[in-house]
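Report on one structure; see the data block that follows.
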Amino acid sequence: MRRTPLHLVSILLLLHSTADGAEPYREKLTSTELGLHMDEWKVSNYDILSKSKPPFSVKKITLHGGKQEGVDLITVDNGAIKLTVIPTRGMGLWQVEAGQVRLGWNSPVKEVVHPKFINLQTRGGLGWLEGFNECLVRCGLEWAGHPGKDKFLNNVGEEAEMDLTLHGKIANLPASEVEVLIDRLPPYRIRVRGRVDERMFYGPKLELWTEISTEPGSNAFRIADTLRNAGALDQEFQIIYHANFGAPLLEQGAQLVAPVKRVTPFNGHAAKFVNRYGTYEGPTKGFIEQVYCLHPLADGKNRTIFLLRNANGDRAVSLGFSTDQLPYVTLWKNTNAGEEGYVTGVEPGTGFPYNRRLERLAGRVPKLAAGASREFSIEFNIYTNRNDVQKVSEQIAAIQAGRQPQMDAEPLKVE
Amino acid sequence: MRRTPLHLVSILLLLHSTADGAEPYREKLTSTELGLHMDEWKVSNYDILSKSKPPFSVKKITLHGGKQEGVDLITVDNGAIKLTVIPTRGMGLWQVEAGQVRLGWNSPVKEVVHPKFINLQTRGGLGWLEGFNECLVRCGLEWAGHPGKDKFLNNVGEEAEMDLTLHGKIANLPASEVEVLIDRLPPYRIRVRGRVDERMFYGPKLELWTEISTEPGSNAFRIADTLRNAGALDQEFQIIYHANFGAPLLEQGAQLVAPVKRVTPFNGHAAKFVNRYGTYEGPTKGFIEQVYCLHPLADGKNRTIFLLRNANGDRAVSLGFSTDQLPYVTLWKNTNAGEEGYVTGVEPGTGFPYNRRLERLAGRVPKLAAGASREFSIEFNIYTNRNDVQKVSEQIAAIQAGRQPQMDAEPLKVE
Amino acid sequence: MRRTPLHLVSILLLLHSTADGAEPYREKLTSTELGLHMDEWKVSNYDILSKSKPPFSVKKITLHGGKQEGVDLITVDNGAIKLTVIPTRGMGLWQVEAGQVRLGWNSPVKEVVHPKFINLQTRGGLGWLEGFNECLVRCGLEWAGHPGKDKFLNNVGEEAEMDLTLHGKIANLPASEVEVLIDRLPPYRIRVRGRVDERMFYGPKLELWTEISTEPGSNAFRIADTLRNAGALDQEFQIIYHANFGAPLLEQGAQLVAPVKRVTPFNGHAAKFVNRYGTYEGPTKGFIEQVYCLHPLADGKNRTIFLLRNANGDRAVSLGFSTDQLPYVTLWKNTNAGEEGYVTGVEPGTGFPYNRRLERLAGRVPKLAAGASREFSIEFNIYTNRNDVQKVSEQIAAIQAGRQPQMDAEPLKVE
């Protein structure tokens, strides 16, 4: 704990002492309100549960050197999987280690880059790519898609034009409040929560409370975010959950298994390969990204499941979510050579990653009223045997229910 | 004190030991020349005066967490009011607490944002708004007004074009030298001084020594800055003192009381409301800023006073300054809903906040010769009863001396 | 050593204990792989050699205050000269102190500016000039020359346009790995090595291992860099070694002595003075830079020597290098008034500093194949008496061998 005034320590101790069985364990790791930032910190089941089982730990470190000087990392080890979150980069999920399955990928960006070294406006608005190596990175909040011009209201209330940058700002903003909560009663859910603010004068006042949680011993974890418009006026927003997977899950013959109503190529290049959109190639030097806009089908409760499985069908990861919250999924295939980034993205969102100007024309830019909130959650499950992969594939087939998806030969007409 | 070589400690001790009654107490808190940066520090009347009265203290802290990681704050508590200065943000004045009056405002920007998280070029040059929440922020030094293109001489000596950004760079530059001085003799004036440099190769070599000072027990404080051209060539400059006030001083019926020769709306929108330019509305959702260009009247010594008073006329703040130094005042009315920023700016300057290109055409961009300096000072007084507000209002009326201001129905002709 | 996990300390101790006479002493000062960053550190001959002679030391400090908060400096004192390297600024060489000769210059930029305070895109792409004060700064790696538009392949594999910024990014990137190596056997060469990465997704994957080295008691030092393309595809690159010298070496009557085949003015302004390109004026207020493109001659092994000598011919510095590695030299004359920067640059490179688009047209933008490397080295020698200056001048004359250089009256035709 760095330079924390003594009265804050007292407050923190008080917070702990009031906790009983009904109250979760709670620790603030970063707080701009309290002037608090812990450089290193750790807690384990031994510290907070009367019985020593199940074993788990949560650990905070600060990275040093190069472009990662000062970057915070929080690792939750639930005994089965290890999740590493990056508070300094918008609470993104760096990677998940789960035995033989690792969620994440080997990006050519080797460091966990501090936002102070990122200029989103470089390279015609592609500066975001200088820090991109997360397993799950949120795109948003004021905009989430491709760079390019869009209009906005400036300080004198006039319509002006600005350059949007790739995938928005949220992934390069540090969390203002970070806390760890652990239930003291079974199943002892462990939560890492962080608030990332996209606030400015004469602009959005968006607050995103992110949460990533898991249970000891589980192969699953959950994202559960709440986005709030803290301004006095209606506010447009966009959010895309850019989940990225590389080898060994991704390999030649790996497949996306998902219930879809319609598949549309993002551009002319992707259109050439739309008929095999759900199947992956091995690392292919010079591969150009192929992107598909998917309209998911869902069950009676508007839940859907997207599954990425390996060629053998004995390893997989699934994303379960509500199509009310996240009605669109972008599939990003980038099976380039390993050095360039062999990776695929499965990206549920409130829209597709076209420039906001185009998304608005297509009616995919929602608004939040003053003071209003929206929730977004995604359940991730990791499968490590054929039987489990088979079972979830059957669930997906049940949602598809034999309906043929519409396969578009041409990109969405934009403009 | 962080990582200060021992010989520097000796130098500092020497500085102290040479101080006697005639020499002020002096402490360097930041010095790029000495490689010095203090994370935390405090001094009070008990430490430096033989008698324990009057009570006062000066305290330095470093903020942590989110976008304020590493931001320095210095708070002067003179026993009557508390001034908080931000060395990391160009020696801006964050707020002044004075019992029931607070100078400052509730910006939608909640953190004291470190410049490393600010890109002035975003949003068409409006990135400055991502950190804007100060009570007093300096605009300048190479330019101080609205974004837009302007010409400059580039590295090969040719006229080139660059994008100016809103209100210039000075508020997002950290001070290179920071020191606290306290007179050992009555009235024990307390000074926080800091040098902010706008220096570059093939560009300006401007150094601004800022000073904010007050006396124990006083309701007043003073800005006294010296701007120096450290280059070998003439140098254009602009400076605007953007002083910002919100509730409770600002409220429906609050008034600007000021001696003016001429009032000109900044744009067509402001022109519609020019006849009530000096009166404020309550928080109004969707209010569009109204800006007025004021030409102040002054007394025989070219001193003028601008007063912002509440509706009741029993709370107020005044700015006293020389129209030789600061011949123009911009009045910025932004009585929007609280969540959007309910605030007004009273902004003495060397010009108005039009883009520098337009200000140059209007003859309002001064130059400093090589090695030359200019001084700028503003006296702030806080009033907490009707009698005092009345008295200063009478002073202002005496300067106006019954002269009718010219009220322009149209904006200044620009270009 | 800051926040280094204990197992890393063990690794470091092991590294040391395995070292014998044959293995150099080796210490990691920064490592993103190990999560290591030392704030302060020092080693001297007493620590690592059995005999106490020759005396030398290597010292690491971290700067504080203003725009240099957090900047690393490493100073090698070899007993004769002191070299100061800036790991935080791309391993640039800040200055060399050598008794009465100092390599370096007095820039109007007074601080060693942390990249977090630099925005390369400001001022029409001239933001680099806000941090420029090094004795040797590398320009590159993706581009190295003047700002302006150039094409590139974007994320969807299409040709897009981007704004290049002056002299590229490398000087404003912090080194990811930094280490000091010292031979345990004569001549006890001392090496400061650092790896600076210009890596991104959908962009270059260039790694530059820099090395600066010297021997105890020597007046010479050596740059020896290795550039590697870590991507899977061919990659363009540019590198220019921007070596800068001011007073007292630079003075009225100082001369560049160099074997040249051809001298071409960079632009029309320089063309006017091409006939005295090798002679310097004293500080001249308002001097506009004069730049010359030089094609060096070399000896039978393709080695050449460029010498900058004072007016008296009793102080000088030389750069020796291979024209296979660095076939072009840019001479930058900027004998402006001291406050503006009185300086000349002698700049061996893979090309001239025209915008990359123009350099490509001229065939001066090399490519590195996937996995391929290139080496660049320059030997610097400092001379402090007439005799030594005379001897190296004769070496240069021998390379010139009486051949008359082609003196172009017009700039290179670009476009």
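Each chain gets a letter, A, B and so on, in the order its sequence line appears, and its residues count up from 1.
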Region of C:Ile118 in contact with chain A, defined by heavy-atom distances below 4.5 Å: neither
Residue C:Phe152 versus chain A: region with a heavy atom under 4.5 Å: side chain
Which portion of A:Glu340 sits near chain C, non-hydrogen atoms under 4.5 angstrom: both
Distance in Å, A:Leu63 CG paired with C:Leu34 CG, rounded so as to fall on 0.5 Å steps: 12.0 Å
C:Phe201 and A:Trp105 aromatic centres sub-6.0 Å: yes
Trace of the side-chain contact (heavy atoms from CB on, under 4.5 Å) decision for C:Met200 with A:Phe132: CA-CA 8 Å; C:Met200 68 180 296; A:Phe132 174 41; over 6 Å; no
A:Gln252 atom CD, over 12 foreign heavy atoms within 6.0 Å: no
Contact origin within C:Ala160 toward chain A - heavy atom pairs under 4.5 Å: neither
Pairwise side-chain contact, A:Lys67 with C:Pro174, heavy-atom cut-off 4.5 Å (strictly under): yes
Interface moiety of C:Thr30 toward chain A, non-hydrogen atoms closer than 4.5 Å: side chain
Proximal component of A:Leu126, with respect to chain C [non-hydrogen, under 4.5 Å]: both
Residue, of A:Gln68, A:Lys285, A:Lys116, A:Arg123, that accumulates the most heavy atom pairs under 4.5 Å with chain C: A:Arg123
Side chain, backbone, both or neither of C:Asp197 within contact of chain A (heavy atoms, under 4.5 Å): both
Charged N-O contact under 4.0 Å between A:Glu130 and C:Lys169: yes
Part of A:His114 lying under 4.5 Å from any heavy atom of chain C: neither
Atom group of C:Glu142 that falls short of 4.5 Å from chain A, counting heavy atoms: side chain
Leading residue by heavy atom contact count with chain C [cutoff under 4.5 Å; candidates A:Ala337, A:Gly65, A:Pro108]: A:Pro108
Residue among C:Leu29, C:Thr165, C:Thr32, C:Thr88 with most heavy-atom pairs under 4.5 Å to chain A: C:Thr32
Donor on one side chain, acceptor on other, A:Thr122 and C:Gln121, under 3.5 Å: no
Proximity breakdown for A:Asn334 and chain C, heavy-atom pairs closer than 4.5 Å: side chain
Minimum-distance pair of heavy atoms, taken over all atoms of A:Ile288 and C:Val156: CG2-O, 3.5 Å
Ion pair check, C:Arg199 and A:Glu339, cut-off under 4.0 Å: no
Crowding at CH2, C:Trp94 (>12 non-hydrogen neighbours, <6.0 Å): no
Under 4.5 Å from a heavy atom of chain C, the part of A:Val71 involved: neither
